[in-house]
Amino acid sequence: MALRLHDTERRTLVPFEPDDPEDVRIYACGPTIYGHAHVGNFRTFVFYDLVHRALEWLGYRVRFVMNLTDVDDKTIRAAREAGTDLPGWTEPFRESFLRDADALAMRRFDAYPKATAHVDAMIELVATLLEREMAYVAEDGSVYFDISAFPEYGRLSGRDLEEGRQGERVLADEHDKNDVRDFALWKATAPGDEEVGAAWDAPWGRGRPGWHLECSAMSMAELGPSLDLHLGGEDLIFPHHEGEIAQSEGATGCRFVGTWLHVKHLRIQDRKMSKSLGNMLTLRELLEGGESAAAVRHQLVSTHYRTELNLGAEGLAGSRGAVARLVRFALRLEEAAGVTAGEAAELHPALSGDAPEAGWGGSVEAAEGQDAGSLDADRPGGGQELGGAGPVEAAAREALPRFRAALEDDLNVSGALAALFVFVKSVNPRLDGAAPRDAAAGLAALHSMDRVLGLLEAASAAQEEGSAADGREREEEFRAWVEERIRQRTEAREARDWARADALRDELGEAGVELEDGPSGTRWTRRDG
RNA sequence: GGCGCCGUGGCCAAGUGGUAAGGCAGAGGACUGCAAAUCCUUUAUCCCCGGUUCGAAUCCGGGCGGCGCCUCCA
């Protein structure tokens, strides 16, 4: 099976067929950087990250661009109120956004163009549309796109062109438009724009670019006239993306986007997130409140992108549990393998490469509908190759095709997570006494899957950030202290002095350290993180 | 009003014709000095009614309930 995605325009699942699998071009609508991004934004952005990771894992080479909107009504108003100029206001939030993205283990995209850096390209685009008579200059020097020049307007959102036309009173501040549905490509300079530097010269007059225009111009500048994939939140379908199509195809004459993917919105505690309800939760607030980034990432990524996701305390608690289980599993594998994840990958390239093929006899079809525990020799072509593999490796070879099949089915993360946890469940009991090389196979496969999910990455990123904040020396000191306590406790236990042993465990517990006594000694982990 | 989505065990959530993946939480058990971790066992008339079919959570009709977009909010 090959990758299939749900295209908004065709309203159905379609095979993903990029023009060139070696150069897949993806554009995603990013945030307006006038404040800290909220968790709803990040539901969408973490999905972008998933697309980015999944496509590369599946073997595509990807160029992925996400814009940052730094000139619009909101940035201008905020900069004015703060008495600064546009970059003075937006730049800190650009950095804030990237920090938040890092915290969630989002992999960096190839470019984050800012609108203000591409105004020339936007002016050029408007000029082209004027030349082609698809746009007109209004009395005040604003430029509008002429809807009637693009008969296909409305095809993405599936709305009736005539709807809302009759009996519509032309609003006072839009008297320059020929048709109420025409949208602004260029807005003539308004009072206050100059103060913050939000005004540029154009042949038809001074002003600033319209919102839809930014994305058309920047995607063309970065990726060319047509894209394989364009991503955005569901609210952008109309009018934003509809406008992008009209402008882009109007100017170039060629198809703008192959497949549109739109992410459903996030709700908070069963309510829509909105300013009026006062429940605009920023990611920063959530994290500073003590929530772990890995749990947040899990929560945001674990629900299919076309299903509404409701963020709440219960769900986050569930995510914490799920992530903790994976982290412990990774630790057990590392111990049993005696190597790092990187070394494990070298030992088992077939299990750790991007999108390991089902070439070991366990085809996707064969894996589906079999129960996870049956390492059968009766599967087509499965017996012989499996002969030399240990039980952990066999489980990995079972899990990876399922994981892949789920991703290929419109990025079914729930299915992918199920494949992962079936793997965890089947490996855990076989880990005691497993051959190191075999355990390494499990470690390699686990990290391969995490290259798509990013959950272990988010957990270890948080861990590192924590110790970096503490400072290297203090961290060393702390470790030494913990290990000394553990040594003392081991002595106490050998002497069967249970009271002393328990007291030491309690003391460590208060310091946030949890102990696990295993056959190979005592392991400790930090609570959370 | 127009267009569209959804309703699966305590919570979250896969599954779109052949008698229900997975996670979290709970209960019992194994293991442990006690724990923790791990494993085993255990919890579903798939919103309701009717229809199509040998067979439906899955298709069709109706109902009830929840939600989104329809002014630059991801």
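It should be emphasised that the depicted structure is a prediction, and the values quoted were computed from it without experimental measurement.
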Look at all strands and tell whether A/Leu266 reaches a base, only sugar-phosphate, or nothing, counting heavy atoms closer than 4.0 Å. base
Closest heavy-atom pair and its distance - A/Leu281, A/His38: O-CB, 3.0 Å
Quick test of your reading: applying salt bridge (charged side-chain N to carboxylate O under 4.0 Å, His left out), list the pairs with at least one residue in residues 36-51 of chain A, sequence neighbours left out, ordered by first then second residue. A/Asp49-A/Arg53, A/Asp49-A/Arg297
Can a donor-acceptor pair be found, under 3.5 Å and without considering hydrogens, that links the side chain of A/Asp70 to the backbone of A/Thr32? no
List the steps, then state whether side chain to side chain contact (heavy atoms under 4.5 Å, CB included) holds for A/Leu456 with A/Leu446. CA-CA 9 Å; A/Leu456 295 173; A/Leu446 174 65; 3.9 Å; yes
If you measure from the Lys or Arg side-chain nitrogens to the Asp or Glu carboxylate oxygens, is any gap between A/Asp7 and A/Arg10 under 4.0 Å? yes
Can you tell me the Watson-Crick or wobble partner of B/A44, both distances under 3.5 angstrom? none
Can you name the closest pair of heavy atoms from A/Ala79 and A/Val196 and give their distance? CB-CG1, 3.8 Å
Assess whether side-chain hydrogen bond (donor to acceptor under 3.5 Å, both in side chains) is satisfied between A/Asp235 and A/His265, documenting all intermediate values. CA-CA 8 Å; A/Asp235 55 306; A/His265 276 182; 2.9 Å; yes
NZ/NE/NH1/NH2 to OD/OE distance under 4.0 Å, A/Arg181 and A/Asp146: no
Sequence neighbours excluded, which residues qualify as side-chain hydrogen bond (donor to acceptor under 3.5 Å, both in side chains) partners of A/Ser414? none
Could you check whether A/Gly315 gets within reach of a base, just the sugar-phosphate, or nothing at all, counting any heavy atom under 4.0 Å? nothing
P atom, B/A21 versus B/A37: distance in rounded Å? 26 Å
With sequence neighbours left out, what residues match A/Asp182 under side-chain hydrogen bond (donor to acceptor under 3.5 Å, both in side chains)? A/Tyr136
For atom C1', what is the distance between B/C3 and B/U43, given to the nearest Å? 41 Å
Can you list, in residue-number order, the parts of residues 207-217 of chain A that come under 4.0 Å of RNA chain B, counting heavy atoms only? A/Trp211
In the strands shown, is B/G10 matched to any nucleotide by a Watson-Crick or G-U wobble pair with both distances under 3.5 Å, and which? B/C24
Considering residues at least two apart in sequence or located in another chain, which fulfil the salt bridge (Lys or Arg N to Asp or Glu O under 4.0 Å) criterion with A/Asp140? none
By side chain to side chain contact (heavy atoms under 4.5 Å, CB included) - contacts of A/Ala324 (at least two apart): A/Arg328
Against the side chain of A/Glu234, the closest entry in B/G68, B/G22, B/C72 is B/G68
Run the side chain to side chain contact (heavy atoms under 4.5 Å, CB included) test against A/Thr44 and tell me which residues pass, sequence neighbours left out. A/Tyr48, A/Val263
What's the shortest heavy-atom distance between A/Val71 and A/Ala115, and which atoms? CG1-CB, 3.9 Å
B/A37 - base-pair partner by Watson-Crick or wobble geometry, distances under 3.5 Å: none
Considering only nitrogen or oxygen atoms on both sides, find all protein atoms under 3.5 Å from nucleotides 18-20 of chain B and state each distance.
none

B/G50: pairing nucleotide in any strand, Watson-Crick or G-U under 3.5 angstrom: B/C60
For nucleotides B/A25 and B/G65, find the distance between their P atoms and express it as a whole number of Å. 35 Å
If we take the C1' atom in both B/G61 and B/A56, what is their distance in whole Å? 15 Å
B/A57 versus B/G9 - spacing of their C1' atoms, nearest Å: 14 Å
What string of B, S and - do you get for nucleotides 33-40 of chain B, 5' to 3', when a contact is any protein heavy atom under 4.0 Å? BBBBSSSS
If you find the nucleotide of RNA chain B closest to A/Ser319 and the one closest to A/Lys187, which residue's nucleotide is nearer the 5' end? A/Ser319
With sugar-phosphate meaning primed atoms plus P, OP1 and OP2, does A/His265 contact a base, only sugar-phosphate, or nothing at under 4.0 Å between heavy atoms? base
Could you please name the partner base of B/U19, counting Watson-Crick and G-U wobble pairs only when both distances are under 3.5 Å? none
Counting Watson-Crick and G-U wobble pairs only, both distances under 3.5 Å, name the nucleotide matched with B/G68, or none. B/C3
B/G22 to B/U42 separation - P atoms, rounded to the nearest Å: 12 Å
Contact residues, residues 298-310 of chain A to RNA chain B [heavy atom, < 4.0 Å]: A/Thr303, A/His304, A/Thr307, A/Glu308
Quick test: give all pairs of protein nitrogen or oxygen and nucleotides 57-59 of chain B nitrogen or oxygen below 3.5 Å, distance rounded to 0.1 Å.
none

Any N or O donor-acceptor pair under 3.5 Å from the base of B/A14 to the side chain of A/Ser414? no
Check: residues 308-315 of chain A side-chain donor-acceptor pairs under 3.5 Å, at least two apart:
unit_1, atom_1, unit_2, atom_2, d
A/Asn310, OD1, A/Gln269, N, 3.3
A/Asn310, OD1, A/Asp270, N, 2.8
A/Asn310, ND2, A/Asp270, OD1, 3.0

Phosphate OP1/OP2 of B/C6: any A/Lys264 side-chain N/O under 4.0 Å: no
Expressed as a whole number of Å, how far does the P atom of B/U38 sit from that of B/G62? 49 Å
Counting just side-chain N and O atoms, does A/Asn41 come under 4.0 Å of either OP1 or OP2 of B/C73? no
Nearest-angstrom distance, P atom, B/C6 to B/A13: 13 Å
By the Watson-Crick or G-U definition, both distances under 3.5 Å, B/C31 is matched with none
